[in-house]
Q: 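Have a look at this one.
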Amino acid sequence: MKKIVDQITEILGTAFVECGYDSKYGKTGISNRPDLCQYQCNGAMAASKAYKKAPFLIGDEIVEKIKDNAIFKTIECVKPGFINIVIEEEFLGDYIRGIATEDKFGYETSATEDVIMVDYGGANVAKPLHIGHLRSAVIGESVKRICKYTGYKTIGDVHLGDWGLQMGQIIEELKLRKPKLPYFDENFQGEYPEEAPFTIEELEEIYPCASGKSKTDPIFKEAAQLATLALQNGNKGYMAILNHIQKVSVSDLKKNYENLNVYFDLWKGESDAQPYISNMVEKMIKDGIAYESQGAIVVDIQEPEDTKELPPCLIRKSDGAANYATSDLATLVEREKLYSPKLYVYLADKRQNLHYTQFFRVAKKANIVRPEAELKFIGFGTMNGKDGKPFKTREGGVLRLEYLIKDIQNAVYEKIMENRTVEEVEARETAKIVGLAALKYGDLSNQAAKDYIFDMDRFIAFEGETGPYILYTIVRIKSILKKYKSEGGKIEDCRIQNPVKASEISLYLELSRFSEVIQNAFDEIAPHKICKYIYELSNAFNRFYHETKILVEVDQDKKESYLALINLTKNVLETGIDLLGIEAPERM
RNA sequence: GUUUCUAUAGUUAAAUGGAUAUAACGGUCCCCUCCUAAGGGACAAUUGGGGGUUCGAUUCCCUCUAGAAACACCA
């Protein structure tokens with residue numbers, strides 16, 4: 001269904017053309033002065049310069065041309081040259097009746113076969129998720145869902161950190177602890193055991209221990225580097241260990257991500273790119289793109305139009321091992337081969353900006369991706385404590401993600417128990433859902449690129465722009481609908497009438513914005529736009545709710561219209577939170 | 001040193017170059033005979049400094065100040 005703003009833009013665009021101006025001046029948007037009008041067009045002012053004519057003269061001409069159109073209740077040109085528009089209730093009513101029955105509330109999908117690859121999560125094997133992984137998972141999941149909703153085939157890849165020095169460190173430490181394992185016996189011929197020689201708990205202890213040693217003990221560090229290289233050269237025993245590490249870690253990570261409502265389509269890792277590396281690097285050298293510098297292989301990425309200096313990208317270390325950029329590039333080789341995405345979205349800490357700039361440029365320069373493929377980096381800021389510094393535990397350590405989630409769920413539980421008399425089991429269940437929503441909404445409602453302050457009390461508040469407030473609104477609607485159904489009513493039979501009261505019109509207008517918001521959130525890859533929208537929609541509903549008695553309304557048509565309206569509101573809100581990766585409980 | 005990002009009410013955050021900068025929290029006040037008051041309404045309060053481009057700048061450009069970060073063999 002064509003969006004209301006687009007319909008108006010088209011009418012105005014035609015009028016501009018008929019009056020001898022360019023159609024682009026017809027561009028109309030939501031008014032930022034709701035007290036004056038619902039929609040506004042600023043084209044007359046822009047046109048005034050191009051056509052050397054006073055803006056209000058142009059505006060008047062346009063208004064004169066279309067003022068009799070049935071969709072406008074009022075249309076006028078004011079002060080410098082704004083064209084202010086209020087639409088007819090009937091037109092609005094028609095539109096809302098339309099979106100209530102259409103798939104995706106009338107959102108016109110791009111409906112292509114194109115693929116969007118979302119690279120997020122970024123967990124490392126052998127290492128539990130900590131708060132540093134929160135934003136990538138939460139924002140990435142939402143971005144993936146938004147892309148999918150707009151009609152693209154979307155693939156989410158966790159892209160595990162399972163390669164590089166960290167693996168060498170673990171192998172070396174394991175060798176010191178259990179030297180008799182067959183993996184370390186070069187003459188071992190048989191099959192390696194199926195069972196991993198460690199549990200996830202041991203692994204999570206081995207890794208920081210090894211990584212610490214590597215910093216203080218140069219002998220250990222060298223051994224770890226050798227092990228890394230051996231692994232990268234395909235040492236059989238080491239590969240088998242890597243396999244164990246992956247298996248043990250992935251099943252644990254899956255569980256943890258599931259608790260966050262985050263699901264990946266692919267569980268690939270850096271190690272999967274390994275087979276592509278040598279050919280890729282050789283080709284780049286042969287093509288004259290990559291060259292040797294200080295023993296390493298690098299690629300220049302400076303371009304003539306650059307005003308600033310960009311350091312070259314290192315794609316092979318002097319000891320011959322692969323590094324970060326190498327595996328990212330080689331991963332692209334595989335992704336191009338298997339999926340040829342139209343768009344790649346990478347989510348990572350914004351501090352990695354330079355790395356992504358370098359790696360994208362190399363990918364383009366070496367033709368690793370097709371020229372038309374687009375590579376986008378969404379860098380996000382850090383989650384800080386109330387002191388404005390990166391969030392730490394009381395002891396100054398890095399907080400495990402599961403503990404953070406538990407903390408917030410417990411806090412919500414306390415709050416539910418002090419307010420209501422709900423069964424403990426139900427309160428626990430509700431607190432789980434609401435707590436997660438509070439955390440995710442608190443994160444997603446900020447622009448990704450900015451740092452934000454984690455304030456538990458604010459996030460779990462039921463007032464203000466918070467997850468719980470949105471969920472509360474949904475629950476409230478559900479409870480009215482449930483009551484209606486229990487009295488024998490059928491929501492499916494209810495038909496939406498044209499809006500009458502101001503609060504009703506506002507609610508209709510909010511609902512009509514849905515498609516626009518989705519498009520905007522997708523274009524800018526900005527989940528916070530959806531947060532803002534569902535918050536405003538909730539507000540519009542609550543205002544309407546406050547002054548409208550729904551179930552006791554005596555006029556049957558009106559009552560049914562209200563019910564259909566709030567049902568639609570609920571559906572839109574539920575779609576909205578789903579795009580954020582949030583769920584709503586039945587009761588709160 | 002070079003480069004990047006950030007700067008908005010007391011606090012936390014919004015704003016395709018548009019009108020009187022928008023919300024929330026906190027503050028002051030008001031509203032339940034009523035489907036969840038876990039709600040609604042009212043009031044006070046903000047664009048770091050200085051230039052420029054523009055009819056019009058929180059937004060674009062320059063500069064200063066303050067904070068954060070990245071700068072080849074970690075990922």
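Residue numbers start from 1 in every chain, and the chains themselves are labelled A, B, ... in the order their sequence lines are given, proteins ahead of strands.
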Q: How far, in whole Å, is B:C43 from B:G50 if one measures between their P atoms?
A: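 So the two P atoms sit 31 Å from each other.
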
Q: For B:C35, take OP1 and OP2 only and decide whether either is under 4.0 Å from a side-chain N or O of A:S479.
A: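 It does not, given that no N or O in the side chain of A:S479 lies less than 4.0 Å from OP1 or OP2 of B:C35.
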
Q: Counting just side-chain N and O atoms, does A:K450 come under 4.0 Å of either OP1 or OP2 of B:A14?
A: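 Answer is yes, contact under 4.0 Å.
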
Q: For the aromatic rings, using the six-membered ring if either is Trp, is the centroid distance between A:F454 and A:F459 under 6.0 Å?
A: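 Here the rings of A:F459 and A:F454 have centres that are less than 6.0 Å from each other.
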
Q: Does OP1 or OP2 of B:A15 have a side-chain N or O of A:K529 closer than 4.0 Å?
A: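 Yes, because at least one side-chain N or O of A:K529 sits under 4.0 Å from OP1 or OP2 of B:A15.
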
Q: Would you say the ring centroid of A:Y356 lies under 6.0 angstrom from that of A:Y346?
A: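 When the ring centroids of A:Y356 and A:Y346 are compared, they turn out to be within the sub-6.0 Å range.
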
Q: Look at the rings of A:Y25 and A:F16 and say which category their plane angle falls in: under 30° parallel, 30 to 60° tilted, over 60° perpendicular.
A: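 Correct class here is tilted.
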
Q: Out of B:A19, B:C73, B:A75, which has the shortest distance to the side chain of A:A296?
A: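 Closest nucleotide among those given: B:C73.
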
Q: Report which part of the nucleic acid A:S214 touches: base, sugar-phosphate, or nothing (heavy-atom distance under 4.0 Å, all strands).
A: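 Contact class for A:S214: none.
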
Q: Suppose you measure atom P in B:G56 against the same atom in B:G52; what distance do you get, rounded to whole Å?
A: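 Their P atoms lie roughly 12 Å apart.
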
Q: Among B:C74, B:A19, B:C73, which nucleotide sits nearest the side chain of A:S318?
A: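 When the side chain of A:S318 is considered, B:C73 is the closest of B:C74, B:A19, B:C73.
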
Q: Please determine, for B:U53, whether a Watson-Crick or G-U wobble partner exists with both distances under 3.5 Å, and give it or none.
A: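 Pair assignment: B:U53 / none.
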
Q: Roughly how many Å apart are B:A24 and B:C61, using the C1' atom of each and rounding to a whole number?
A: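 Comparing C1' positions in B:C61 and B:A24 gives a spacing of 34 Å.
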
Q: Please test A:Y562 against A:F544 for ring-ring contact (aromatic ring centres under 6.0 Å, His included), starting from the C-alpha separation and ending with a verdict.
A: CA-CA 10 Å; A:Y562 292 158; A:F544 167 76; 5.5 Å; yes

Q: If you check every side-chain atom of A:H546, which of B:G39, B:A15, B:C74 has the closest atom?
A: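 Per side-chain heavy atoms of A:H546, the pick is B:G39.
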
Q: Can you tell which of B:C73, B:G40, B:U20 lies closest to the side chain of A:R33?
A: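 That would be B:U20.
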
Q: Measure from the ring centre of A:F82 to the centre of the six-membered ring in the base of B:A19, then say whether that distance is under 5.5 Å and the planes meet at under 30°.
A: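 A stacking contact exists, since A:F82 sits close and nearly parallel to the base ring of B:A19.
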
Q: Does B:A38 have OP1 or OP2 under 4.0 Å away from a side-chain N or O of A:R587?
A: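 For A:R587, the contact criterion (side-chain N or O under 4.0 Å from OP1 or OP2 of B:A38) is not met.
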
Q: Does the pair A:K213/A:E172 count as a salt bridge with the N-to-O cut at 4.0 Å?
A: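 Judged by the 4.0 Å cut-off on N to carboxylate O distance, A:K213 and A:E172 do not form a salt bridge.
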
Q: On RNA chain B, does the nearest nucleotide to A:R316 precede the nearest nucleotide to A:A449 from the 5' side, or the other way round? Give the residue.
A: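 This one resolves to A:A449.
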
Q: Could you check which of B:A69, B:C71, B:A19 has an atom nearest any side-chain atom of A:R351?
A: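 Selected nucleotide: B:A69.
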
Q: Does A:K350 come within less than 4.0 Å of A:D451, counting only side-chain N to carboxylate O?
A: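 Salt bridge: yes.
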
Q: So if I take every side-chain heavy atom of A:M588 and compare against B:C74, B:U36, B:C73, which nucleotide ends up nearest?
A: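 Given the options B:C74, B:U36, B:C73, the side chain of A:M588 is closest to B:U36.
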
Q: Give a yes/no answer on whether the side chain of A:R543 brings an N or O atom under 4.0 Å of OP1 or OP2 in B:G41.
A: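 Answer is yes, contact under 4.0 Å.
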
Q: Taking atom P in both B:C74 and B:G18, compute the distance separating them and give it to the nearest angstrom.
A: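 Here B:C74 and B:G18 have their P atoms 48 Å from each other.
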
Q: Within less than 4.0 Å of OP1 or OP2 of B:A15, is there a side-chain N or O belonging to A:H528?
A: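 Result: yes.
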
Q: Let's test this: given Watson-Crick or G-U wobble pairing with both distances under 3.5 Å, identify the partner of B:U46.
A: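 Looking at the geometry, B:U46 pairs with no nucleotide.
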
Q: What nucleotide, of B:A13, B:A37, B:A24, holds the atom closest to the side chain of A:Y535?
A: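 Per side-chain heavy atoms of A:Y535, the pick is B:A24.
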
Q: For B:U3, which nucleotide is its Watson-Crick or G-U wobble mate, given both distances must be under 3.5 Å?
A: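 The answer is B:A69, by the H-bond criterion.
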
Q: It should be established whether A:Q447 places a side-chain nitrogen or oxygen under 4.0 Å from OP1 or OP2 of nucleotide B:A15.
A: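 Answer is yes, contact under 4.0 Å.
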
Q: Would you indicate which nucleotide in B:G39, B:A14, B:C71 comes nearest to any side-chain atom of A:Y469?
A: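 Nearest to the side-chain atoms of A:Y469, counting from C-beta on, is B:G39.
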
Q: Using a cut-off of less than 4.0 Å, is there contact between a side-chain N or O of A:Q225 and OP1 or OP2 of B:C74?
A: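 Indeed, a polar side-chain atom of A:Q225 lies that close.
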
Q: Which listed nucleotide (B:A72, B:C71, B:C35) is nearest to the side chain of A:I480?
A: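 Between B:A72, B:C71, B:C35, the one nearest the side chain of A:I480 would be B:C35.
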
Q: Which listed nucleotide (B:A14, B:C74, B:A38) is nearest to the side chain of A:F462?
A: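 Comparing B:A14, B:C74, B:A38 against the side chain of A:F462, the answer is B:A38.
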
Q: Rounded at 0.5 Å granularity, tell me how far CD1 in A:I582 sits from NZ in A:K440.
A: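 If I round to the nearest 0.5 Å, the distance is 6.5 Å.
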
Q: Measuring to OP1 and OP2 of B:A19, would you say a side-chain N or O of A:N32 lies under 4.0 angstrom away?
A: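 Answer yes for this pair, as a side-chain N or O of A:N32 is under 4.0 Å from OP1 or OP2.
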
